[in-house]
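Notes follow once the structure below has been shown.
The chains referred to below are lettered A, B, ... by the order of the sequence lines, with proteins before strands, and numbering in each begins at 1.
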Amino acid sequence: MLARSGPAVCPEVDEKPVLWCQQGSSDHWQVEPDGEVMRTSYNRRMLSDPSPNASSPLLAQLNDEQHRAVALPPEHALILAGAGSGKTRVLTTRIAWLLQTSQVSPGGILAVTFTNKAAKEMKLRLQSMLPVNVNAMWIGTFHGLCNRFLRAHYQLAGLPQTFQILDTQDQLSAIKRLCKQFNVDEDRFPPKQVQYFISGCKEDGQRPGDVPVRDDETRRKVELYQLYEEQCQREGVVDFGELMLRSYELLRDNVHVREHYRRRFRHILVDEFQDTNKLQYAWLKQLAGLPGEGGECAILAVGDDDQSIYAFRGARVGNMADFVREFQVKHQIKLEQNYRSFSNILDSANHLISHNKTRLGKTLRTDQGAGEPVRVVESPSDFAEAQWLVEELRQLVKQDGFERKEVALLYRSNAQSRVLETALFNAGFPYRVYGGLRFFERAEIKHALAYLRLMENPNDDTSFLRVVNFPPRGIGARSVEQLQDAARAAGCSLHDAVSATTGKAGANLAAFVAMVDVLREQTEGLTLREIIDLVLDKTGLVTHYRAEKEGADRVENLEELVNAAESFVTQEGFGRSAVALPQALSQSPASQGLSGSTQADAGLGTLDEFSEDGVIMSPLAAFLTHASLEAGDNQAQAGEDAVQLMTVHASKGLEFDAVFITGLEEGLFPHENAMNDFDGLEEERRLMYVAITRARKRLYLSHSQTRMLHGQTRYNLKSRFLEELPEECLKWVTPKNGGFSNIGSAGGGGASASGGGWPQTPAFNRHARPAWGQSSLSTETYKSPPVPVQKAEPEHGIAAGKNVFHTKFGEGKVLAVEGVGADARAQVNFPRHGVKWLALSVAKLTVV
DNA sequence: ACACGATTCGTTTTT
DNA sequence: CGAATCGTGT
């Protein structure tokens, strides 16, 4: 095996880690210690070693870049994989190659993704490449792997063996319950906001005691966080953030566990690395060990900073630079060959994204020809846009021979789908909408699951409350309240408090608890299918929905739940009674140092203080976990040939022959709300980049002069992104300077094909104004930024460079201060909320 | 306990 | 505009 990372490969370049180097080009990127990306001169020595093993047939079909990535030595590496560059192929081929060349046994591999879909895809592809048991590897989502880990070490993690997982809905209702119990003013502390706060803390790795408290509001929120944690612990449930955080803490605090896994996993592969948050990266660090901590494993991180579109939910692109620095990454490879799109499309994407300032830098290329020009279309209204779309779609299918399912209609926000749907529906054009309620999130399914969860864990108060009176059985709000009081007084779960209640309310409650208890006994030893059938019957759920006039769909869904359970059993191999999870057999501590392929398969290893794998779980428990971690598909009619409607976010990772990007208007795309955030505009631009790169052959960009939003007609300027595309790749299907989007310069664009009746002075969307300092591309003129006032230090004591605290946004750094007296305002960069201008007379800012 | 009007509030999303 | 939640009346 090759030498591990240790001393820097290029001593002459001192400690400065090289973030990027591109073979054959004259420059590369370097990351300064403060994280800033700088361009420096190229150093040929920094190139990664050529592949030691070029003969494998696995590698035959790869291009040079991919080949280098797949055959890297077992050292940390970062692959910057552009859209359509064969990222998943590299990832899976890498694993296959490592196994095939006996560099690692399946048990030594951990591959982590963000979505179940990606994990499934990876396993599937691997299986088609090699005759290998993919279950011997740890392949899954961050949360899925954490769950697996915590199930194995539930005692060390301080969890009951039957711990259940709260999804976002469950978490919110648990928080609402908590707020009610502690008489929290829901106007001052909306449960949603408390939820956001708690999730944010966990993502930052903070327990209640770690959160800096500077004002009463935060203090109260931290109290609630603390209470919420106690509640979850009492009830034996964990939320998504807790899965991550607790796994991280267990690795951090338990040296035996940590050492064990560090010995075990020789190769960690991370997909979509640009989407990792702080905690996920910290978790990876614990698992892999930094250089100098005796880490023995090699991380292969694959990502694309240009496709980072989840900063709004805590993703930190900066993890890429941190990874390179902290792990002393020596191998960095760019995958820039695109196999998806014609060059007009690709050049458009490249040109657009080049407007972003903070990039690692990467330009996609293709061998395919120019292809068709990108069509830009303007419509007078959202309604007309939808009409035109339907016509174009018809033509696309009839004349140009596109398959319907190979066409996607993309939009920035879900609300935009309605007009499109209406038009498609009226035209009788087959379509399919992605997004919305997923299978396991439907109310009737959650009800059924709540019964099942109560059978597994009677202390799950969230589930208890969900179904205690559903279907209605005479247990009203006041009975429940009494029960909650009793439980609180006794410090026990609602289930346990029932026995103490009296009266007819108590009798109803007792009957409910008895029903669940009886079900638990009756279903022992039954198959999962039998269990669920029995529960649906005995709880009266099906009967209840059958009696409802709108309940047919719900009954159907409940029947589908039985099917889902059935296919879960067959797919996951869960039999009748308790079974061991089909996981890899663990290596014993004695196998330390071995990455040999025989060791892991030899038998169940013994571990001193804990058992890692071979977790015993009932099929029901396994199914409930599955339901919590995998929300299920939105719609099942997959086979139908229908045009696909989805948000741009949802389209990431997909590709289509033809793509329509609709609603390209200022305020919508880029979205007005994104403009407040730090990096907001650039993230919107990346989003646009993702949208463009979905298209293989044909791309339409469409915007409308007016749009119905929130029941009001809004007059929007066309998106600045349209101006950021290379003119030579475009074809303006409607006159570029026609219509109202150019009022003020073109002199009243009468060329519009609109139905007339426009107001003389359109009420331009007041939200659409760019923030100060941002370039405005439209013809509208903006006030220039106020001239900074440099006078004597004002009494507020706030000045550029100082750290301040704001009750809502937390701590931030002052970038600039302007104006005096009542007019004074400060520009502050808040890590979680971005850059904001705050009027000092209004905002409560305290210098830290 | 439940039904029906009044209200509020509107990005993006996975686990 | 339309959903989702809220509050009041029976």
Side-chain angles (χ1 to χ4, degrees), chain A residues 112-119 140-147 165-173 176 186-187 190-192 196 199 202-203 238-245 247 271-272 275-277 279-280 308-315 382-383 410-419 422 434-438 440-441 443 469-480 505 508 625-632 634 646-653 663 667-677 680 683-684 686-688 690-691 707-714 767:
Chain A
V112 61
T113 64
F114 274 86
T115 63
N116 292 301
K117 200 176 151 200
T141 62
F142 277 99
H143 299 269
L145 296 180
C146 285
N147 172 61
I165 300 162
L166 299 184
D167 68 14
T168 314
Q169 289 176 37
D170 301 330
Q171 187 189 25
L172 185 62
S173 57
K176 278 185 181 163
E186 297 206 356
D187 291 327
K192 274 246 173 67
Y196 177 78
S199 304
K202 290 192 181 185
E203 272 173 19
V238 297
D239 59 43
F240 288 130
E242 189 71 23
L243 280 174
M244 276 310 310
L245 183 51
S247 306
D271 192 15
E272 307 277 17
D275 288 339
T276 51
N277 64 32
L279 179 58
Q280 286 158 341
S308 155
I309 54 172
Y310 288 113
F312 74 90
R313 68 172 197 220
D382 52 347
F383 182 75
L410 306 185
Y411 34 81
R412 173 65 236 266
S413 60
N414 281 310
Q416 289 167 251
S417 75
R418 181 163 235 96
V419 218
T422 313
Y434 285 81
L437 265 197
R438 321 263 277 299
F440 287 117
E441 289 166 358
N469 196 35
F470 194 93
R473 50 175 71 87
I475 302 171
R478 92 209 131 75
S479 319
V480 171
N508 287 341
T625 300
H626 170 77
S628 308
L629 288 176
E630 177 149 17
N634 296 311
M646 66 188 84
T647 62
V648 179
H649 281 95
S651 77
K652 190 178 166 199
L668 243 188
F669 198 0
H671 200 281
E672 56 202 14
N673 296 1
M675 309 298 273
N676 303 321
D677 292 357
E683 179 148 317
E684 293 291 301
R686 292 192 291 270
L687 200 52
M688 180 69 183
V690 166
R707 190 169 292 276
M708 197 68 155
L709 205 61
H710 305 335
Q712 274 191 326
T713 305
R714 290 177 24 160
H767 300 298

Suppose you measure atom P in C:dA4 against the same atom in B:dT13; what distance do you get, rounded to whole Å? 15 Å
Report yes if at least one side-chain N or O of A:R438 is closer than 4.0 Å to OP1 or OP2 of B:dT14; otherwise report no. yes
First encountered from the 5' end of DNA chain B, between A:F142 and A:N469: A:N469
Annotated structure of DNA chain B as dot-bracket, pair cut-off 3.5 Å, Watson-Crick or G-U only, | for inter-strand, is ||||||||||.....
Using nucleotides 8-12 of chain B, report all nitrogen or oxygen pairs with the protein that are shorter than 3.5 Å.
residue	atom	partner	partner atom	Å
B:dT11	O4'	A:H671	NE2	3.4
B:dT12	OP1	A:N414	N	2.8
B:dT12	O4'	A:R412	NH2	2.9
B:dT12	N1	A:R412	NH2	3.4
B:dT12	O2	A:R412	NH2	2.5

Students should find this one: the first and last nucleotides of DNA chain C, 5' to 3', lying under 4.0 Å from a heavy atom of chain A. What are they? C:dC1 to C:dA3
Using the C1' atoms only, state how far C:dT5 lies from B:dT12, rounded to an integer number of Å. 23 Å
Contact under 4.0 Å: A:N116 side-chain N or O vs B:dT15 OP1/OP2: yes
Side chain of A:E683, backbone of A:A311: donor and acceptor closer than 3.5 Å? yes
Atom CZ of A:F114 and atom C1' of B:dT15: how far apart are they, to the nearest Å? 10 Å
Please answer whether the main-chain N or O of A:G314 pairs with a side-chain N or O of A:N277 as donor and acceptor at a distance below 3.5 Å. no
To the nearest angstrom, the CG-C1' distance between A:L166 and B:dT14 comes to 16 Å
Quick one: on DNA chain B, does A:T141 or A:S479 contact a more 5' nucleotide (nearest heavy atom)? A:S479
Listed by chain and number, what are the side chain to side chain contact (heavy atoms under 4.5 Å, CB included) partners of A:S173, not counting sequence neighbours? A:T462
Expressed as a whole number of angstroms, how long is the span from A:D167:CG to B:dT13:C1'? 13 Å
Please report, rounded to the nearest Å, how far the P atom of B:dT13 is from the CZ atom of A:F240. 16 Å
Can you tell me the distance, in whole Å, between the CE atom of A:M244 and the P atom of B:dT14? 18 Å
Within the 4.0 Å heavy-atom criterion, would you say A:I475 contacts the bases, only the backbone, or no part of the nucleic acid? sugar-phosphate
Atom-to-atom span, NZ of A:K202 to C1' of B:dT15 - whole angstrom: 13 Å
Can you name the side chain to side chain contact (heavy atoms under 4.5 Å, CB included) partners of A:T625, sequence neighbours left out? A:N147, A:R151, A:I165, A:M617, A:L629
What is the distance from CG of A:L172 to P of B:dT14, rounded to the nearest Å? 18 Å
Donor-acceptor contact present, side-chain A:D170 to main-chain A:D167, <3.5 Å: yes
Since syn is defined as within 90° of 0, does B:dT8 count as syn or as anti? anti
Is there a donor-acceptor contact under 3.5 Å from the side chain of A:S199 to the main chain of A:Y196? no
Take the protein atom CG of A:D271 and the nucleotide atom P of B:dT14, then report the distance between them rounded to whole Å. 15 Å
Check every strand shown and say whether A:T168 touches a base, only sugar-phosphate, or nothing at a heavy-atom separation below 4.0 Å. base
Are any side-chain N or O atoms of A:E684 and backbone N or O atoms of A:H671, one a donor and one an acceptor, separated by less than 3.5 Å? yes
A:R412 side chain to A:L668 backbone, donor-acceptor under 3.5 Å: no
May I ask you to decide if A:G474's main-chain N or O and A:N508's side chain share a donor-acceptor pair within less than 3.5 Å? yes
Who passes side chain to side chain contact (heavy atoms under 4.5 Å, CB included) against A:A650, sequence neighbours left out? A:M646, A:T647
Going by side-chain hydrogen bond (donor to acceptor under 3.5 Å, both in side chains), A:D275 matches just one of A:R313, A:Q280, A:K652. Which one? A:K652
Please state whether the rings of A:Y310 and A:H649 are parallel, tilted or perpendicular, taking 30° and 60° as the class boundaries. tilted
